There are 2 protein chains.
Amino acid sequence: MKKMALLLMGCGGVGRQLLRHIVSCRSLHATQGVHLRVVGVCDSKSLVVAPDAHTSELDDKFLLEVCRVKEDGSSLSKLSGFGACQVFAHSELTAKVFNMASHLGLAVVDCSASSETTEILSRAIDLGCCIVLANKKPLTATMEYYDKLVSQPRRIRHESTVGAGLPIIASLNRILSSGDPVHRLVGSLSGTLGYVMSEVEDGKPLSQVVKTAKSLGYTEPDPRDDLGGMDVARKALILARLLGRRITMDSIKVESLYPDEMGPTVMSVDDFLSKGLPLLDKSICERVAKASVSGKVLRYVCVIEGTRCEVGIQELPRDSPLGRLRGSDNVLEVYTRCYNKQPLVIQGAGAGNDTTAAGVLADILDIQDLFP
Amino acid sequence: MKKMALLLMGCGGVGRQLLRHIVSCRSLHATQGVHLRVVGVCDSKSLVVAPDAHTSELDDKFLLEVCRVKEDGSSLSKLSGFGACQVFAHSELTAKVFNMASHLGLAVVDCSASSETTEILSRAIDLGCCIVLANKKPLTATMEYYDKLVSQPRRIRHESTVGAGLPIIASLNRILSSGDPVHRLVGSLSGTLGYVMSEVEDGKPLSQVVKTAKSLGYTEPDPRDDLGGMDVARKALILARLLGRRITMDSIKVESLYPDEMGPTVMSVDDFLSKGLPLLDKSICERVAKASVSGKVLRYVCVIEGTRCEVGIQELPRDSPLGRLRGSDNVLEVYTRCYNKQPLVIQGAGAGNDTTAAGVLADILDIQDLFP
């Protein structure tokens with residue numbers, strides 16, 4: 001039985017779902033000859049590790065208790081009395097990873113949303129660990145950090161950084177490794193903006209669509225976090241770098257759906273929704289109508305082609321995969337030598353803790369051959 | 001530099017394209033720290049190996065000469081005078097593989113269309129080799145052979161057996177390993193039948209559409225090889241077995257687009273095209289019209305759901321991914337726990353030597369961690 005030691009960073013929705021998936025897949029993975037040993041879990045404050053990471057692990061009962069405690073909004077330190085474990089302050093994380101990594105094959109799994117994990121991931125690579133990321137921040141940091149994180153290409157996986165569990169990164173890696181050059185990527189990579197654009201296409205006012213999306217839980221608490229396009233820009237940067245472009249966030253042209261004078265420092269969320277957004281209804285409505293005249297629809301997409309890397313509204317043919325998109329699915333069109341006139345298209349749910357965690361778990365199993 | 005020894009079986013269009021890809025990707029793969037050593041190539045009659053497979057390989061000049069000779073329709077034995085190699089009769093293949101495999105990590109790559117490779121692949125697995133298949137036949141043989149071939153799941157890849165290079169098998173394997181159960185697969189997995197069904201949807205007579213498809217090179221020399229559905233049935237069997245169904249070809253319900261009395265033993269290709277097919281125009285046309293009444297279109301698909309595994313014409317909603325399909329692209333809809341209401345959709349060119357060989361090459365690089 002192959003044993004893979006895992007250290008999980010981040011116990012938010014994705015991290016907890018990953019722990020639940022690991023527990024529920026025990027017998028499945030046993031049939032595949034793999035056992036996932038979770039030797040440590042940390043959040044932004046505390047680190048909980050198995051008593052001896054080389055011989056023991058946090059057992060399933062403990063992992064489910066981690067989920068329960070974090071679900072309640074409590075701190076991991078609350079677990080000090082529960083079962084066999086050691087609790088440390090977050091500041092000791094680096095030392096502990098160093099200690100574990102030097103003695104056993106370790107995969108460091110980043111399900112946080114923090115930029116502070118970048119340094120530890122970078123050290124983990126130096127120590128010969130594997131890293132698996134759902135967190136976009138480390139891969140959108142400086143080129144120096146990026147180069148370090150991907151310096152051992154077989155030791156990193158990050159499917160869930162783009163399109164949640166959709167097999168986007170894995171498919172692009174296959175295409176790249178077979179020497180098929182990617183000429184052009186066009187993708188709708190925000191479920192929220194996908195929903196918004198298909199609703200305004202039906203003639204609904206932007207302000208009303210955003211309010212509905214918020215009430216359905218499709219947006220961040222402040223919808224401007226979605227409408228500003230920075231989340232899509234981060235995904236675009238990850239894809240562009242995967243294709244070999246040596247660029248940073250600054251190089252990406254990002255179109256925000258709201259002007260600076262409606263920004264978070266200027267007005268509250270409530271004011272934005274009730275007073276700001278309605279002022280934008282007319283112009284979006286006119287753009288929809290104008291596109292419609294030539295058989296096109298508006299989509300909020302990322303476009304990566306040559307040196308171009310843009311995020312914003314594009315007019316696209318109504319009968320293209322992106323034009324046909326309805327609701328909150330993500331879609332990516334990939335144009336290569338092999339997929340030339342018609343693109344390779346990957347489409348499906350691109351958000352949600354369940355599918356994001358499933359993508360992380362598939363990544364973990366994908367690196368199993370590197371473990372003894 | 002990681003060195004992977006490869007033995008290629010089959011020098012048809014896909015095998016030759018693979019050799020060309022390997023040669024043209026040399027510098028790309030060098031940057032990834034991998035060198036692909038082709039130590040042997042065989043067709044149905046001869047086997048050509050490097051003088052000493054442990055220390056030497058067939059060089060790029062030689063590999064391109066293999067392509068040239070086979071393109072001309074000549075035998076591999078013609079290469080005996082060209083560069084450093086040894087030529088053997090095909091009957092010595094097993095002994096040679098045994099010899100190579102026992103001394104070095106070897107991947108046996110099957111780009112043939114023969115059922116005779118099944119035995120050698122099965123032995124290769126016993127010897128600890130990896131196997132990479134574009135050939136559907138071995139995976140659609142008996143359950144005994146199938147069980148043997150997949151007995152070391154990390155040592156087999158077969159992306160190009162279904163949908164050419166489309167990332168279908170890789171994506172399904174990711175989904176399965178993350179414990180996300182696949183409830184239902186529906187796919188249009190024949191470019192030929194995809195083209196035929198979308199053309200008859202436009203009101204063209206079946207007989208005319210098939211003649212056009214044949215003249216465009218979309219069909220086999222005898223179009224009944226496509227219209228009979230057996231090629232799609234083989235792909236359906238591979239997908240069903242991947243999902244864990246223990247079935248054989250006999251268990252698959254296959255709808256042929258022509259009746260037995262127009263079969264190859266009854267009439268010639270010319271008679272089939274000029275006299276047989278036109279008799280079928282009316283009934284297909286009526287089925288198209290009937291489906292259209294309820295907003296549906298006809299597609300020739302495979303459906304795998306529960307114990308059901310069927311291949312044939314289905315009425316599908318016009319606005320579903322399969323219903324929207326035009327031309328010769330393949331499409332697969334995957335319904336799982338994570339992709340529940342809306343499926344995961346993978347779409348693109350599912351045929352052609354270039355993309356098929358690219359899929360094989362991506363598979364080869366995917367197993368690199370198993371090589372020393």
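Because the structure is predicted, anything quoted here is derived from the model rather than measured. Note on naming: letters A, B, ... go to the chains in the order of the sequence lines (proteins, then strands), and numbering restarts at 1 for each one.
- Between A:D363 and B:R174 there is a side-chain heavy-atom pair separated by less than 4.5 Å.
- In this structure, B:D369 CG and A:I367 CD1 are separated by 9.5 Å, a value rounded to the nearest 0.5 Å.
- Note that OG1 of A:T355 is 8.5 Å distant from CD1 of B:I175, once rounded to the nearest 0.5 Å.
- B:L28 touches chain A through its side chain: at least one heavy atom from C-beta onward sits under 4.5 Å away, while N, CA, C and O do not.
- To the nearest 0.5 Å, atoms CG (A:D180) and CG (B:L361) are separated by 10.5 Å.
- Here CD of B:Q342 is found 7.5 Å from CD of A:Q347. Values are rounded to the nearest 0.5 Å.
- Listed options B:E159, B:E333, B:H29 were ranked by heavy-atom pairs under 4.5 angstrom with chain A; first place goes to B:E159.
- Residue A:L166 touches chain B through both its backbone and its side chain, counting heavy-atom pairs closer than 4.5 Å.
- The side-chain heavy atoms of B:L344 and A:P167, taken from C-beta on, include a pair separated by under 4.5 Å.
- With a 4.5 Å cut-off on non-hydrogen atoms, A:P343 touches chain B through its backbone but not through its side chain.
- Interface remark: A:D329 contributes side-chain atoms only to the contact with chain B (heavy atom separation under 4.5 Å).
- Counting heavy-atom pairs closer than 4.5 Å to chain A, the top residue among B:A349, B:G352, B:G327, B:C25 is B:A349.
- Considering every non-hydrogen atom in both B:S177 and A:A362, the closest pair reads OG-CA, 3.9 Å.
- Between atom CZ of residue A:R324 and atom CG of residue B:D319 there is a gap of 11.0 Å, rounded to the nearest 0.5 Å.
- Top candidate by heavy-atom pairs under 4.5 Å with chain B, chosen from A:G348, A:S178, A:A357, is A:S178.
- Both the backbone and the side chain of A:A358 come within contact range of chain B, each with at least one heavy atom under 4.5 Å from a heavy atom of that chain.
- Separating the CG atom in A:D354 from the OG1 atom in B:T336 is a distance of 8.0 Å, to the nearest 0.5 Å.
- A:N173 does not touch chain B: none of its heavy atoms, backbone or side chain, sits under 4.5 Å away.
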